[in-house]
Amino acid sequence: MDQTRNRELLSLTAILTTAACGLGALVVLVKKFSLNQGENKIVRARQRRAVSLKAAEEHPGTDAPAILSLSLSELTKCLRDGSLSPEDVFYSYMEKTLDVNKRLNCCTGILLESFDQLKTVGSSKEGLLYGVPISIKENIDYKGYDSTCGVVSRLEQPAPVDSVLVEVLKRQGAIPFVKTNIPQSMLNYDCGNPIYGQTLHPRNPQKTPGGSSGGEGALIATGGSLLGCGTDIGGSIRFPASFCGICGFKPTAGRLSSKGISSISRGQKSVLASVGPLARDVDSLALFMQAVLCDHLFSLDPTVPPIPFNLEIYQSSRPLRIGYFEDDSYQQPSPSMIRSLREVKALLERAGHTVVPFTLPRIRYALMELTLKGVLADGGVTMLNSLRCELDVLLCPMLGPAFKALYPGKLTCATSYTIIYNALNFPAGAVPVDTVTAEDEEELKHYEGKFKDFWDRLFKEAVSGAEGLPTAVQCVALPWQDELCLRFMREVEQLVKQNRK
Ligand SMILES: CCCCCC/C=C\CCCCCCCC(=O)NCCO
């Protein structure tokens with residue numbers, strides 16, 4: 001009896017072992033299969049990109065250097081008066097983009113339909129961006145192309161239609177021609193992912209161009225595009241602008257349509273993402289806003305408040321009352337961040353503005369409890385009330401200079417200077433000021449940080465070795481005062497330029 005039971009037990013064990021082994025083998029097989037599937041998808045995505053880059057090489061020659069040197073406002077004038085054709089402009093930028101991409105790996109694919117749009121763009125002659133080639137971040141839907149957010153599982157799900165923004169840009173005569181690279185998931189301010197690889201900083205391959213709109217930063221800073229479109233939930237428009245030395249504007253969330261713009265996380269109700277422009281100068285950012293804030297946008301997306309761009313506010317030269325702080329009491333700024341800020345403060349005072357010291361109220365609580373946990377429990381009322389102190393705008397430090405590649409993913413704490421304005425939903429933009437000097441680098445050697453901990457040491461490492469790389473400041477306004485924020489940015493830009501002459 002005992003023997004039988006033993007035998008039964010043994011055979012049951014054998015059956016269970018066989019089943020377990022079989023199951024194990026099946027799991028390994030399924031895992032291998034899905035891994036292979038992922039790898040195959042990456043191979044196919046890279047092939048699609050290579051094919052699009054190759055196909056775009058076929059085009060007539062142009063007087064590229066002359067065209068590429070024009071600012072957006074000069075270019076739109078030439079396109080409107082017919083002294084330049086959309087073809088000349090398009091091919092010049094296409095050639096430059098293909099060239100820059102070989103060096104920096106900033107593009108995820110050429111939008112080949114742009115060649116077809118070029119043939120019919122004459123019908124949008126009245127558009128504010130008639131004939132202007134425009135680059136778009138990878139997560140912005142363009143019919144027929146993936147918006148992966150840098151994540152393999154989202155490959156091979158092409159957008160069924162254009163995002164509202166792309167549709168409006170096309171109606172205004174702009175020609176979206178290239179999608180640009182991002183970090184995996186986009187919740188990072190580096191610029192690499194397993195599908196398309198790492199984008200390099202235009203001036204230093206050891207550094208990141210920033211992110212998540214990093215492909216835009218690298219492409220625009222090197223002249224491959226003169227206007228681009230990014231997204232920002234913690235600084236993703238402002239970081240690449242600051243790291244690459246261009247301008248970037250994060251509008252009030254909700255001012256522009258986010259229909260057809262992909263994000264990796266859903267249901268974010270407290271810290272809101274914004275879509276907005278990056279460009280070489282502030283006037284280009286303003287033209288983008290003016291172009292897209294039109295009836296066509298308001299009818300395609302009725303959730304967007306129908307408020308057209310207010311040119312009067314943008315062009316006003318009324319003296320401003322500017323709040324100013326050097327340090328957010330959370331992350332000690334790098335020496336070049338403070339130096340740039342002080343320079344701009346002095347220029348603004350000399351230009352007749354009133355600059356008053358301002359302290360961000362309860363910043364640690366706001367960052368840790370409200371921003372990190374993603375819930376502005378009081379709807380931001382406390383913060384907003386503290387900021388209602390008769391100020392027009394705020395002048396703040398902008399994170400920089402460019403971090404060493406792969407450091408941003410380890411330094412979420414350094415987003416404090418930007419993410420706070422996402423949590424508050426204030427419009428904010430980055431404006432280039434200067435470049436890092438040998439003295440800044442020398443001063444950095446004595447940087448200890450607020451907490452003198454591992455993160456402070458990492459920050460010091462991240463920003464070191466940046467002599468000659470761009471520095472920037474951040475300009476901020478209250479919610480929905482996007483035009484005022486841009487006006488302030490333009491003033492800073494002009495004062496800095498005049499000062500350099
Ligand atoms: C210092 C306070 C930390 C706040 C908590 C931050 C939680 C997550 C932050 C992720 C890092 C954000 C980097 C920028 C990401 C971005 O703007 N992406 C754009 C997506 O459209």
Side-chain angles (χ1 to χ4, degrees), residues 136-141 147-151 154 163 165 180-193 208-217 228-243 248-251 253 256 258 260-268 270-278 327-333 360 362-376 383 397-399 403 406-425 428-430 449-451 453 455-456 458-459 462 474:
I136 57 171
K137 187 176 177 178
E138 199 267 0
N139 66 320
I140 299 174
D141 280 2
S147 297
T148 65
C149 304
V151 173
R154 296 176 65 124
S163 52
L165 209 62
T180 54
N181 206 21
I182 50 173
Q184 186 175 30
S185 87
M186 300 190 311
L187 281 178
N188 191 344
Y189 54 108
D190 206 325
C191 195
N193 62 69
T208 172
S212 58
S213 315
E216 286 299 326
C229 198
T231 55
D232 185 318
I233 202 172
S236 278
I237 289 174
R238 293 160 285 163
F239 294 133
S242 164
F243 287 13
F249 178 59
K250 174 201 87 68
L256 300 182
S258 53
I261 296 182
S262 295
S263 130
I264 210 70
S265 40
R266 290 206 186 132
Q268 277 159 335
S270 51
V271 182
L272 300 169
S274 288
V275 58
L278 296 101
D327 185 326
D328 71 1
S329 318
Y330 184 72
Q331 175 72 49
Q332 184 183 326
L360 275 177
R362 301 168 75 203
I363 183 72
R364 287 192 197 181
Y365 172 75
L367 288 171
M368 289 302 107
E369 293 302 313
L370 307 183
T371 311
L372 188 58
K373 292 183 181 167
V375 183
L376 270 175
M383 290 289 282
M398 180 59 219
L399 187 68
F403 282 25
L406 307 183
Y407 278 68
K410 299 176 230 165
L411 279 163
T412 298
C413 49
T415 61
S416 61
Y417 283 98
T418 48
I419 202 165
I420 191 71
Y421 306 113
N422 296 83
L424 291 166
N425 196 16
K450 294 235 168 283
F451 302 92
D453 60 4
W455 312 107
D456 282 334
L458 207 63
F459 177 82
Q474 193 175 195

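Both ligands and their constituent atoms are indexed starting at 1 by order of listing. Note: hydrogens, waters and symmetry copies are ignored here, and every other heavy atom, side chains too, is used.
- Take Asp327 and apply the salt bridge (Lys or Arg N to Asp or Glu O under 4.0 Å) test, not counting sequence neighbours, and it matches Lys450.
- No donor-acceptor contact under 3.5 angstrom links the side chains of Asp232 and Ser274, judged on distance only.
- The atoms of ligand 1 that sit less than 4.0 Å from any heavy atom of Tyr330 are 1 (C).
- When the heavy atoms of Ile261, Thr412, Val271 are ranked by distance to atom 8 (C) of ligand 1, first place goes to Thr412.
- Of all non-hydrogen atoms in Ser236 and Lys137, the two that sit nearest each other are CB-NZ, 4.1 Å.
- Residue Ser236 has at least one N or O atom closer than 3.5 Å to an N or O atom of ligand 1.
- The shortest N/O to N/O separation between Asn139 and ligand 1 does not fall below 3.5 Å.
- Atom numbering of ligand 1 starts at 1 in the shown order; those under 4.0 Å from a heavy atom of Ser212 are 18 (N), 19 (C).
- Between Gly234 and ligand 1, at least one pair of N/O atoms sits closer than 3.5 Å.
- The contact set between ligand 1 and Ile233, taken as ligand atoms under 4.0 Å from a residue heavy atom, comprises 16 (C), 17 (O), 18 (N), 19 (C), 20 (C).
- Screening Tyr407, Phe239, Phe243, Tyr189 for a side-chain contact (heavy atoms from CB on, under 4.5 Å) involving Thr208 leaves a single residue, Phe243.
- Close contacts between ligand 1 and Gly235 involve ligand atoms 17 (O) [criterion: under 4.0 Å to a heavy atom].
- The two residues Leu411 and Ala462 make their nearest non-hydrogen contact at CD1-CB, 3.8 Å.
- Of the options Leu278, Thr418, Val275, a side-chain contact (heavy atoms from CB on, under 4.5 Å) to Ile237 is made by Leu278 and by none of the others.
- Ligand 1 has no nitrogen or oxygen under 3.5 angstrom from a nitrogen or oxygen of Ala273.
- Residue contacts with ligand 1 do not include Ser263, since none of its heavy atoms lies under 4.0 Å from the ligand.
- A pairwise comparison of heavy atoms in Gln474 and Tyr417 identifies NE2-O, 2.9 Å as the closest pair.
- For atom 11 (C) of ligand 1, the nearest non-hydrogen atom from the set Ile419, Thr231, Leu187 comes from Leu187.
- The side-chain hydrogen bond (donor to acceptor under 3.5 Å, both in side chains) check on Lys250 picks up nothing, with sequence neighbours excluded.
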